[in-house]
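Protein chains get the first letters and strands the later ones, always in sequence-line order, with residue 1 at the start of each. Everything quoted here is computed from the prediction, not taken from an experiment.
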2 protein chains.
Amino acid sequence: MEQITIKKTTKEKEILEEAQKLFSHFGLKKTSLEDIASSLGMAKTSLYYYFKSKSELFKAVLKHESSSFIKNIKKIFESSNDIKEILTTYFKKRTEYAKELSKLRGLIAKAQKSPFISGEETLLTNLLEQGVKDEILKKINPELLAVLILSLLKGLEKNLPLIRKREIEERDYDLFIDVLFNGILKK
Amino acid sequence: MEQITIKKTTKEKEILEEAQKLFSHFGLKKTSLEDIASSLGMAKTSLYYYFKSKSELFKAVLKHESSSFIKNIKKIFESSNDIKEILTTYFKKRTEYAKELSKLRGLIAKAQKSPFISGEETLLTNLLEQGVKDEILKKINPELLAVLILSLLKGLEKNLPLIRKREIEERDYDLFIDVLFNGILKK
DNA sequence: GAATATTAGAGTAGAATGTTCGAAAATTCT
DNA sequence: AGAATTTTCGAACATTCTACTCTAATATTC
C-alpha cells in the first residue's frame with residue numbers, strides 16, 4: 001500500500017532534480033523517460049513507481065521547482081536590511097528563474113496560468129510594507145505596488161529580449177532599480 | 001544535373017547554421033529533420049534537396065562549423081598587436097568553441113580524430129614566431145610551444161570541469177595567462 | 001522469514017522519424 | 001511567352017522510439 005510520506009524520499013527528490021535538469025534543457029517533448037532513467041542509472045519502468053505518468057512527473061517538477069524558488073527568494077529577503085540591495089538581487093534571480101521556467105513550459109499545451117509564483121507577491125508586499133514603516137518608501141499601498149512591480153518584471157522579461165536582440169543585462173537592472181527608486185524614494 | 005558551386009548557396013548556409021544551432025543544443029539524436037525544417041519554415045523533405053541524408057547534413061555542419069571557427073580565430077589574431085591580449089581572447093574563444101563542439105560530437109559514434117583544428121596550430125605558431133622575433137618572448141621553438149599550449153588548453157577544457165564542479169571562469173584565463181607569461185616572458 | 005518496498009525485464013500500441021518518389025510551384029533561360 | 005531547370009512539398013512507408021502495463025525478481029524492513 002502506498003505510504004503518505006511527509007518528507008519526500010531522497011530518491012524521489014533525485015528524480016525530480018534530474019528530470020528538472022533535462023526538462024529545462026530539452027523541453028517536455030524531447031525528454032524521454034529513458035533519458036531521465038538512464039541519467040539516474042535506473043530502469044525507466046522504475047520511474048512509474050514514483051510517478052504514475054510522464055505528465056505527472058512533469059507537473060511535480062514544476063511544483064518542486066517553484067517551491068524551491070520560493071525558498072531561495074525567502075533567503076534573499078532575509079539576507080540584508082538594505083531594501084535596495086534586496087530588490088536588486090531579487091530582480092536578478094527572478095529573471096533567471098523566469099528564463100528557466102519558460103524553457104520548462106515551452107511545450108506545455110495550455111498556457112499556464114501566469115508566471116506569478118504563489119507566495120512571491122506576499123513576500124514582496126511584506127518587504128515593501130516594512131520599507132514604508134521604516135519611512136524609507138513613500139506611503140504607497142504596498143500590495144498594489146507589489147503587483148505593479150511584479151507585472152513590470154513580467155513584462156520586461158517577456159518583451160525586452162524581443163524588442164532588442166540581446167537579453168537582459170546587468171546594467172538593465174541597475175537602470176531599472178535606479179529609476180524605480182528615484183521615483184518612489186521618499187525625499 | 002548537380003552543379004559544382006564554389007560558393008555555397010545562401011539557402012544551404014541557412015540550413016547549416018540553423019542545423020548547427022539545433023544540433024549543438026539538442027545533440028544529433030534529439031534533433032529531427034522536422035525540427036530543422038520547421039525552424040526554417042520549410043518542409044522536411046526539402047532538406048533532401050541539399051543533403052542526401054541526416055548524417056550527411058551533420059557532417060556538413062561539423063565541417064562548416066570548424067571552418068567558420070578558423071575564420072574567427074584569424075580575425076582575433078589580426079585584431080591587435082598586443083600578444084598577451086590576443087592570446088587571452090583566443091583562449092577564451094577556443095574554450096567556448098570546444099564546449100560547442102563537444103556538444104555537437106556528443107553522439108558521434110567513433111571518437112573524432114582530435115579537437116585540434118587544422119590550421120589552428122599554424123596560426124598560433126606564426127603568432128609565437130612573431131613574438132620571438134620582436135623579442136617579447138624567449139627563444140623557444142615556436143612550433144613546439146604552439147603544440148604545448150594547444151595540448152594544455154585541450155587538457156584544461158576537458159578536465160577542469162571534471163575536477164572542480166564549476167566550469168572554466170574568467171579568472172581561470174587570467175591566471176593561466178599570467179602563469180604562462182611569467183614563465184615565458186623575456187625578463 | 002513474512003511483509004513490504006523497490007527495481008527491472010518483456011511486451012504492446014501508437015507516435016515520431018528518416019527516407020523515397022512524383023508532382024506542383026517557382027525561377028531562369030531563350 | 002514558353003521551355004528547361006531548379007526548388008519545394010505532400011503522400012506514403014518501414015523502422016525506430018516512447019509511454020505505459022504487467023509480472024516477476026530483488027532488496028529492505030519488521
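- Atom-to-atom distance recorded for B/E34:CD and B/L47:CG is 9.0 Å, nearest 0.5 angstrom.
- Note that OH of B/Y49 is 12.0 Å distant from NZ of B/K11, once rounded to the nearest 0.5 Å.
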Between the protein and nucleotides 10-15 of chain D, which nitrogen or oxygen pairs are less than 3.5 angstrom apart?
residue: D/dG10; atom: N7; partner: B/T45; partner atom: OG1; Å: 3.3
residue: D/dG10; atom: O6; partner: B/T45; partner atom: OG1; Å: 3.1

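- Taking the side chain as every heavy atom from C-beta outward, A/T31 and A/F58 never approach each other to under 4.5 Å.
- In this view, A/S32 and A/D35 satisfy the side-chain hydrogen bond (donor to acceptor under 3.5 Å, both in side chains) rule, not counting sequence neighbours.
- Distance A/I36 CD1 to D/dC20 C1': 14 Å, rounded to the nearest Å.
- A straight line from CZ of B/F23 to C1' of C/dG18 spans 12 Å, rounded to a whole angstrom.
- Contacts classified as salt bridge (charged side-chain N to carboxylate O under 4.0 Å, His left out) and involving residues 47-63 of chain B (residues at least two apart or in different chains) are given here: B/E56-B/K59.
- When the side-chain contact (heavy atoms from CB on, under 4.5 Å) test is applied to B/S46, the partners found at least two apart in sequence or on another chain are B/M42, B/A43.
- In this structure, B/Y50 reaches the D/dT8 phosphate: one of its side-chain N or O atoms is under 4.0 Å from OP1 or OP2.
- The terminal axes of the helix from C/dG1-D/dC30 to C/dT30-D/dA1, fitted over 5 pairs per end, subtend an angle of 40° to the nearest 10°.
- Between the CE atom of B/M42 and the P atom of D/dT8 there is a distance of 5 Å, given to the nearest Å.
- We find that OH of B/Y48 is positioned 17 Å from P of C/dG22, with the value rounded to whole Å.
- The residue B/T31 sits close only to the backbone: its heavy atoms come under 4.0 Å of sugar-phosphate atoms, none of a base.
- Atom pair A/K29:NZ and C/dA15:C1' shows a separation of 10 Å (rounding to whole Å applied).
- Between A/Y49 and C/dT7, a side-chain N or O to OP1/OP2 separation shorter than 4.0 Å is absent.
- A straight line from NZ of A/K54 to P of C/dA16 spans 11 Å, rounded to a whole angstrom.
- At least one side-chain heavy atom of A/I36 sits under 4.5 Å from a side-chain heavy atom of A/F23.
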Show your working on side-chain contact (heavy atoms from CB on, under 4.5 Å) between A/L33 and A/Y48 and close with a plain yes or no. CA-CA 10 Å; A/L33 293 180; A/Y48 283 89; 3.2 Å; yes

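- Side-chain contact between A/F51 and A/V61 is absent, with no heavy atoms from C-beta onward closer than 4.5 Å.
- Here the P atom of nucleotide D/dT18 and the CZ atom of A/F58 are 17 Å apart, to the nearest Å.
- Taken to the nearest 0.5 Å, the OG atom of A/S38 stands 9.0 Å off from the CD atom of A/E18.
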Atom pairs under 3.5 Å: protein N/O with N/O of nucleotides 26-30 of chain D:
none

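- Between B/F26 atom CZ and C/dT17 atom P there is a gap of 12 Å when expressed in whole angstrom units.
- A cation-pi arrangement is present between B/K30 and A/F26, with the terminal nitrogen or guanidinium carbon under 6.0 Å from the aromatic centre and inside a 45° cone about the axis.
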